[in-house]
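Notes follow once the structure below has been shown.
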Amino acid sequence: MNIIRASEAERNIRNEMSTIFVDGFYQWLKYFSKDKAKLYKTFAHMFNIEVFYTAVVDDNIAAIAACSTKNIPSVRLKYSEFRKHLGLFMGSIAYVILKKEFEKKPYPFQISENMGAIEFVATSVNYRGHGVATELLKSIMDSTSYHEYVLEVADTNTNAIKLYEKLDFAEFMSIPQKHSEKSGVNNLVYMKNEKMKEVESREPIL
């Protein structure tokens, strides 16, 4: 397995990234279209490959994740792409909703200069259960210099929560969700890994 920043790939991997993204978040994206082929095309443009990282196995993109900051969004949406692939009506709705949710992420706390936000973690259906997401997130945190890392996860995504807990993320905030009976999400859970405290705790006392 090789972990690289998406911008370092030797070929255009946006379509592969979009496939993994759509498959991973289809539960929410299917509102805009149940046609995965359309969704794959719709989202291929949006990734900021400077902050996305990929796990590569046998020359295949096995997992993706972004590590963004308060000033650098992990995705940039183009209205023309949504309209082109989803049509004028649904494309407009999807663009308005997702631009607010994805590009202008409304975190319920302040993202500081020394904080990295882990976003859009997803694994290819061909590599789930093989630990690639775990290795990808470990590599991101080892290769970046933020003091702490935060992420958002649905409370019903118990597999993801277990993964993050293994990586020393701990819940520090939980926000109840309206219309949970429709979305299937009761709370959005926010978890934090305080990297600098971990390092300090391992330092010998002189």
Only one of V153, D155, N157 forms a side chain to side chain contact (heavy atoms under 4.5 Å, CB included) with V185, so which one is it? D155

Could you note down all residue pairs passing side-chain hydrogen bond (donor to acceptor under 3.5 Å, both in side chains) where residues 129-144 supplies at least one of them, sequence neighbours left out? T144-Y149

Hits for salt bridge (charged side-chain N to carboxylate O under 4.0 Å, His left out) against E152, two or more places apart or cross-chain, chain-then-number order -> K105

More than 12 heavy atoms from other groups under 6.0 Å of NZ on K70: yes

Given F102 and F120, is the ring-ring contact (aromatic ring centres under 6.0 Å, His included) satisfied, shown in steps? CA-CA 9 Å; F102 288 175; F120 302 114; 5.1 Å; yes

So, Y146 and T69: side-chain donor and acceptor under 3.5 Å apart, yes or no? no

Side-chain touch F109/M173, heavy atoms, less than 4.5 angstrom: yes

With a cut-off of under 6.0 Å to the ring centre and 45° to the axis, is K192 in cation-pi contact with F169? no

Within a strict 4.5 Å, meaning less than it, do heavy atoms of the F32 and T42 side chains meet? no

Indicate yes or no: does R11 engage D59 in a salt bridge with an N to O separation below 4.0 Å. yes

Would you check if Y40 and N15 make a side-chain contact, meaning some heavy-atom pair closer than 4.5 Å? no

Student check: side-chain heavy atoms of N186 and T156 closer than 4.5 Å: yes

May I ask you to test the R14-F47 pair for a side-chain heavy-atom distance under 4.5 Å? yes

Is there a side-chain contact between M115 and H147, using heavy atoms and a 4.5 Å cut-off? no

Tell me the side-chain hydrogen bond (donor to acceptor under 3.5 Å, both in side chains) pairs involving residues 106-122, sequence neighbours left out? S68-E119, S74-E119, Y107-E119

Is there a path from F25 to Y31 through hydrophobic residues (I, L, V, M, F, W, Y) whose side chains come within less than 4.5 Å of each other? yes

